[in-house]
Protein chains: 2
Amino acid sequence: MSVPTIKFYVREGLLPAGELTSPNQASYGETHVQRLRLIRALLDVGGLSVAAIREVILAIDDSGRPVHKVLGTVADRMVPRYDREPGAGIAEARGQVGALIAARGWRVHPESPAAEALAVALEALEEVGHGAFTEALDTYADAAERVARADLEYVAHHVAREELVESVVVGTVMGDAIFSALRRLAQTDASDRVFGGAR
Amino acid sequence: MSVPTIKFYVREGLLPAGELTSPNQASYGETHVQRLRLIRALLDVGGLSVAAIREVILAIDDSGRPVHKVLGTVADRMVPRYDREPGAGIAEARGQVGALIAARGWRVHPESPAAEALAVALEALEEVGHGAFTEALDTYADAAERVARADLEYVAHHVAREELVESVVVGTVMGDAIFSALRRLAQTDASDRVFGGAR
DNA sequence: CATCATAGATAGTGGCGCTATCAGATAGCG
DNA sequence: CGCTATCTGATAGCGCCACTATCTATGATG
């Protein structure tokens, strides 16, 4: 972790500046190190952009903001934004997403970035000629619910606001990477059992 | 989809060139359009790089290669590669991953990119002070297994090699995006039920 | 026949995550 | 006390990536 990189993060507002003990000497404490580790995790493992990390960190640090708003901000920043020009397919996909949300009884805004991302993905599937993949959607949603419950259970261990918010951020971002890797492993296993050597 | 962009894809080896009917006229068919849609899906929704897409497409088109090898190539290209300098934490994380693989009975190479990605993520969790998140690992693995089974079931519908391989590619890449969005929705729902308005 | 579009090639653009360089100031050693 | 190594903040530049603009030669088109 080079010094110029750290100063870059300070400039970008990801990291508070060190306390100046003299015009050319600054001291950094454990909180800085902790924050740096968080930045690297979000950047390397979570794949967030510096801009997204800045917003997430601003939300974490803004202690005046209600927790559920912070969580909303964090969730929104972590899904890549699509600005889709309105087409025929995306409208149908949005309908599909709305129906799923209703069927699940999820209390979520059907225009949230996550819902939109789902619609975009479903539309792309359709475009590519694999619209039938949505047969698996219920299984996916079941799995997502289970995982989300586990996430919440973990988060419930943390009571202090600061900890609570950070645990959600970390869990959400890292959880994606972890699940993705696990899915890949499970797929490899399943696939080997079916196609192993043959075909 | 601009013409220069298409020509760029041709240069990059993502798309076969159109058939020249004269020195300044080329004709593109339905297969080209289909391939373009696949490229956009992998790029926009899957977040793959052009280089990764090239390798994936090469693997798809290399009809001599055994199917399970193609699937391996595809899976490996879709995981961002980490080249971690050996440290203390990563070794422990790798051990954790190995234990999980053994416990699950997964027939996978413990040094596959997916296993490595999982280890990196677990190490990052530890570094950030949220090592306890691994309590949820079993739930995650269960969910991953279910999803992988659903994936395989979908893939089983396709018998022709060309279709088979492509369905795996699409399913793997888009599945990540879909699950991620679903998880976000499920989390929002769960989180709202707990923190909704309060706190 | 004049204009316009297209193929192919080469060079350039904009965004992003850093990184190199510079001037000014001081820590710290002899 | 002097001198050099090192730090600070500021500015400019780099390398990668996904395109995009420009150019020339050639042929389509009204």
Side-chain angles (χ1 to χ4, degrees), chain A residues 1-29 31-33 35-58 77-85 120 124 127 173 177, chain B residues 1-29 31-33 35-58 77-85 120 124 127 173 177:
Chain A
M1 185 97 269
S2 79
V3 172
T5 300
I6 291 174
K7 296 211 269 189
F8 168 73
Y9 292 157
V10 172
R11 280 201 303 282
E12 293 292 319
L14 306 190
L15 187 68
E19 194 186 343
L20 274 184
T21 62
S22 96
N24 72 338
Q25 217 70 6
S27 98
Y28 296 83
T31 59
H32 290 93
V33 177
R35 176 57 59 90
L36 270 177
R37 280 202 254 263
L38 177 61
I39 292 170
R40 296 311 315 186
L42 298 183
L43 209 52
D44 293 344
V45 181
L48 297 207
S49 71
V50 166
I53 295 176
R54 176 173 41 234
E55 293 189 63
V56 167
I57 280 180
L58 281 178
R77 286 307 159 273
M78 281 171 353
V79 36
R81 280 205 171 278
Y82 300 102
D83 37 336
R84 211 66 169 180
E85 69 267 25
V120 168
E127 288 267 293
V173 176
Chain B
M1 185 99 269
S2 80
V3 173
T5 300
I6 290 174
K7 295 211 270 190
F8 169 72
Y9 292 156
V10 173
R11 281 201 303 281
E12 292 293 317
L14 306 190
L15 186 69
E19 194 186 344
L20 273 183
T21 61
S22 97
N24 73 338
Q25 218 68 7
S27 96
Y28 296 83
T31 61
H32 289 94
V33 177
R35 178 55 59 89
L36 270 177
R37 281 201 253 264
L38 177 62
I39 293 171
R40 295 312 314 186
L42 297 184
L43 210 52
D44 293 343
V45 182
L48 297 207
S49 71
V50 165
I53 295 175
R54 176 172 43 233
E55 292 189 65
V56 167
I57 279 179
L58 281 178
R77 285 308 160 272
M78 282 172 354
V79 163
R81 281 207 171 277
Y82 301 102
D83 37 338
R84 212 66 168 178
E85 69 268 26
V120 168
E127 288 266 295
V173 177

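Just so we're on the same page: letters track the sequence lines, and every chain starts at 1. Since the model is a prediction, treat every value here as computed from it, not as a measurement.
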Might you list the N or O atoms of the protein lying below 3.5 Å from N or O atoms in nucleotides 26-30 of chain D, with each pair's distance?
residue : atom : partner : partner atom : Å
D/dT26  : O2   : B/N24   : ND2          : 2.9
D/dG27  : O4'  : B/N24   : OD1          : 3.3
D/dG27  : O4'  : B/N24   : ND2          : 3.3

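B/V45 places none of its side-chain heavy atoms less than 4.5 Å from the side chain of B/V173. Contact check for B/L38 versus B/R35: side-chain heavy atoms found under the 4.5 Å cut-off.
Within the structure, a side-chain polar atom (N or O) of B/Y9 is placed less than 4.0 Å from OP1 or OP2 of D/dC19.
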Acceptor/donor pairs from residues 3-20 of chain A side chains to any protein atom, 3.5 angstrom cut, sequence neighbours excluded:
residue : atom : partner : partner atom : Å
A/T5    : OG1  : A/S2    : OG           : 2.8
A/Y9    : OH   : A/R40   : NH1          : 2.5
A/E12   : OE1  : A/R54   : NH1          : 3.1

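Within the 4.0 angstrom heavy-atom criterion, no nucleotide atom of any strand lies near A/R54.
Pairing partner, C/dG12: D/dC19, with both Watson-Crick or wobble hydrogen-bond distances short of 3.5 Å.
In this structure, NZ of B/K7 is placed 13 Å from P of D/dA21, rounded to the nearest angstrom. The CZ atom of A/F8 sits 15 Å away from the C1' atom of D/dG9 (whole-angstrom rounding). Look at CD1 on A/I6: it is 12 Å from P on D/dG9, rounded to the nearest Å.
In terms of heavy-atom proximity, A/I53 sits nearest to A/I39 at CD1-O, 4.0 Å.
Extent of DNA chain C lying under 4.0 Å from chain A heavy atoms, first and last nucleotide in 5' to 3' order, is C/dG17 to C/dA27.
DNA chain D is contacted by both A/L20 and B/A51; A/L20 maps to the nucleotide lying nearer its 5′ end (nearest heavy atom per residue). For the pair A/S2 and B/R11, nearest-nucleotide mapping onto DNA chain C gives the more 5' position to B/R11.
Here B/S27 contributes atom OG and B/H32 contributes atom NE2; the two are 7.5 Å apart, rounded to the nearest 0.5 Å.
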